[in-house]
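The structure appears below as structure tokens.
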Amino acid sequence: MDKIGINGGKALKGRVKISGAKNAALPIMAATLLASGKFKIHNVPDLRDVKTMAHLLRIIGAQVEFANNSLTIDTSKCNFYEAPYELVKTMRASIYVLAPLLARFLEAKVSLPGGCALGSRPVDLHLKGLEKLGAKIELEKGYIVANAKKLTGASINFDISSVGATGNILMAAVLAQGRTVIGNASHEPEITALAQFLVTMGADIEGIETGRLTVHGVNHLKPVEYTVVPDRIETGTYLMAAAITGGEVELTDTDPKILTSLVSKLRECGVLIEEGDSTLYCKAPNQIKPVSITTAPYPGFPTDLQAQWMTLMCVANGSSMITDTIFVDRFTHVAELRRLGAEIKRNKNSAVVTGTENLNGAPVMSTDLRASASLILAGLRAQGRTDVLRVYHIDRGYEKIEEKLKLLGADIWREEGGL
Ligand code: UD1
């Protein structure tokens, strides 16, 4: 297995291009199943999850080509309506094919995702919502088996604002007969991107960017050409990398408007940030002020940036509290950061972090995608050498991370070996 080696202590300087958003690209890829024909999708990040979704679409019968960050997907010969366990267990986002298969072919069989490093992560809201639209759903040998004679619009009010459930119900509703209202809908930018993609395909959706989506079902959707929005989580990770290392970095091809909660928290820490139309300039202060955060649905602080924020607070000038309300168990990075000398006390879904001048390099283990990013950021700051093992997690979600960091002056490399 590959590992990433880092000789820490170098301030990052320079300019880096932000990739397309993984969490927008994956549901959009699944949504191509809603229409027959040839799609072109641009600004798609070259990531393991994207390749896994491409593999899944091929299993379903689509022809998929991926070159130079553009995907061509031809869905005219889809004939197998199943997402097997082998793929779903490596990528939860496979659940996004459930609704498009059901909406277009009136049947789908998708493995239940099961638990993961972030906790149990149920899909009950997806299933209840699809049942309300008229699907018959059974659980058989670890699979969700869904059938329908037809889908009919309904009023669905989520108890919890869920990105995945909103995406799935939206994709079913666009081809359901009549009107669907989704209350307490997620309006994360990736859901907005999915909704805009569906509208380009011919869907009728009102309330995009709000917590209440109204969908008027149409009979037919068409294949389209589309460009994926920038990745706000990658953007946030590089902003924090600059701040943590005492650096000065400009990010291009991004969208400052979808990262306001992080940007205002970074400013509270003393970080200088200047926003352009599609750029963000960031300069670290001499000392990072401690600032507490609580994760929340958009536009709150994203759970996908919680681990990286913890690394930033590990080098702040005092104590802060980090609380995750989305995934209460999302703290596997705590024990690894402690190995580098971080002072962190965890209590249930919160952690109190006391900053230190003395992070020291050590071997650490990636446990999930964003935790891996937090360990790389810590390695960039720590004195001496850090090896981040099991980097396959990072390859799920960060395009060319060591190349981009190298461009910014980091002493970072990838090598074979390690656990
Ligand atoms: C979540 C994050 C998303 C992030 C992704 C990967 C939020 C609101 N969502 O999306 O930003 O990119 O993880 O880290 O920040 N839930 C249920 N039943 C369901 C579905 C969800 O109880 O059927 C609960 C979850 O356990 C969680 C909350 O709802 O506590 C939000 O989950 P959801 O948004 O669905 O998770 P993801 O779509 O994976």
Side-chain angles (χ1 to χ4, degrees), residues 20-28 30 45 47 49 53 88 90-99 110 112-132 135 137 139 144 146 156-172 182 184-194 211 229-237 258-259 261-262 293-309 322-333 348-349 366-374 393-394 396-398:
K22 167 180 93 75
N23 289 344
L26 297 175
I28 283 171
L47 298 170
D49 274 8
M53 184 60 91
V88 180
T90 65
M91 187 186 67
R92 289 183 56 85
S94 312
I95 190 82
Y96 278 126
V97 301
L98 176 62
V110 175
L112 270 169
C116 75
L118 309 189
S120 71
R121 299 183 78 179
V123 290
D124 55 315
L125 299 174
H126 304 230
L127 305 188
K128 278 187 210 151
L130 293 175
E131 278 176 336
K132 276 208 150 178
I137 295 193
L139 299 182
I144 302 159
I156 295 163
N157 204 40
F158 290 127
D159 298 337
I160 306 172
S161 172
S162 157
V163 174
T166 303
N168 251 330
I169 300 310
L170 190 57
M171 289 190 279
I182 309 176
N184 197 17
S186 146
H187 47 105
E188 321 292 297
E190 296 76 23
I191 288 294
T192 297
L194 171 66
V229 295
D231 194 315
R232 65 191 168 110
I233 305 304
E234 189 196 27
T235 304
T237 303
I258 54 180
L259 212 65
S261 59
L262 174 74
I293 58 117
T294 299
T295 66
Y298 188 79
F301 194 95
T303 177
D304 281 350
L305 290 174
Q306 179 258 104
Q308 301 89 315
W309 188 264
I322 293 175
T323 304
D324 201 320
T325 64
I326 308 289
F327 295 119
V328 293
D329 282 332
R330 190 172 201 170
F331 288 102
T332 50
H333 42 287
K348 298 184 183 143
N349 67 329
S366 282
T367 46
D368 70 67
L369 170 55
R370 307 304 171 185
S372 310
S374 77
H393 289 293
I394 203 100
R396 284 191 40 224
Y398 288 90

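Counting convention: from 1, in listed order, for ligands and their atoms alike.
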Heteroatom proximity flag, Arg92 to ligand 1, N/O under 3.5 Å:
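N/O-N/O distance under 3.5 Å: no.
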
N/O of Val163 under 3.5 Å from N/O of ligand 1, yes or no?
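It does: an N or O of Val163 is found under 3.5 Å from an N or O of ligand 1.
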
Side-chain contact test, heavy atoms from C-beta onward, threshold under 4.5 Å: evaluate it for [X] versus [Y] and give yes or no.
{"X": "Lys128", "Y": "Ile156", "answer": "no"}
{"X": "Pro299", "Y": "His187", "answer": "yes"}
{"X": "Tyr298", "Y": "Ile258", "answer": "yes"}

Give the numbers and elements of all ligand 1 atoms closer than 4.0 Å to a heavy atom of [X].
{"X": "His126", "answer": "23 (O)"}
{"X": "Phe327", "answer": "1 (C), 13 (O), 14 (O), 27 (C), 36 (O)"}
{"X": "Gly164", "answer": "35 (O), 38 (O)"}

Is there a heavy atom of Pro122 sitting under 4.0 angstrom from any atom of ligand 1?
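Distance cut 4.0 Å: Pro122 passes for ligand 1.
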
Please confirm whether Arg370 comes under 4.0 Å of ligand 1, counting heavy atoms of the residue only.
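No, that is not the case, since the closest heavy atom of the residue is not under 4.0 Å from the ligand.
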
Ser186 and Thr166 side chains, donor-acceptor separation under 3.5 Å
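Thr166 vs Ser186: no donor-acceptor pair found between side chains.
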
With [atom] as the reference point, say which of [options] has the nearest heavy atom.
{"atom": "atom 35 (O) of ligand 1", "options": "Pro189, Ser162, Ala21, Gly167", "result": "Ser162"}
{"atom": "atom 24 (C) of ligand 1", "options": "Thr325, Val123, Ile160", "result": "Ile160"}
{"atom": "atom 11 (O) of ligand 1", "options": "Arg330, Glu188, Gln306", "result": "Glu188"}
{"atom": "atom 12 (O) of ligand 1", "options": "Thr303, Val328, Asp304", "result": "Asp304"}

Show the nearest heavy-atom pair for residues Ile233 and Pro302, with the distance to one decimal.
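Closest approach of Ile233 to Pro302: CD1-CB, 4.0 Å.
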
For Ile95 versus Asn168, what's the shortest heavy-atom pair and its separation?
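Where Ile95 meets Asn168 most closely, the heavy atoms are O-ND2, 3.1 Å.
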
Identify whether the distance between the nearest side-chain nitrogen and carboxylate oxygen of Asp329 and Arg121 falls below 4.0 Å.
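Salt bridge absent between Asp329 and Arg121.
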
Salt bridge check, Lys22 against Glu234: does any charged N sit closer than 4.0 Å to a carboxylate O?
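Answer for the salt bridge query: no.
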
Could you tell me whether Tyr298 approaches ligand 1 through its side chain, its backbone, both or neither, with non-hydrogen atoms closer than 4.0 Å?
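Under 4.0 Å from ligand 1, Tyr298 contributes no heavy atoms.
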
Check Asn23 against ligand 1 and report side chain, backbone, both or neither, counting heavy atoms closer than 4.0 Å.
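Just the side chain.
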
Show your working on side-chain hydrogen bond (donor to acceptor under 3.5 Å, both in side chains) between Ser372 and Ser366 and close with a plain yes or no.
CA-CA 5 Å; Ser372 310; Ser366 282; 2.9 Å; yes

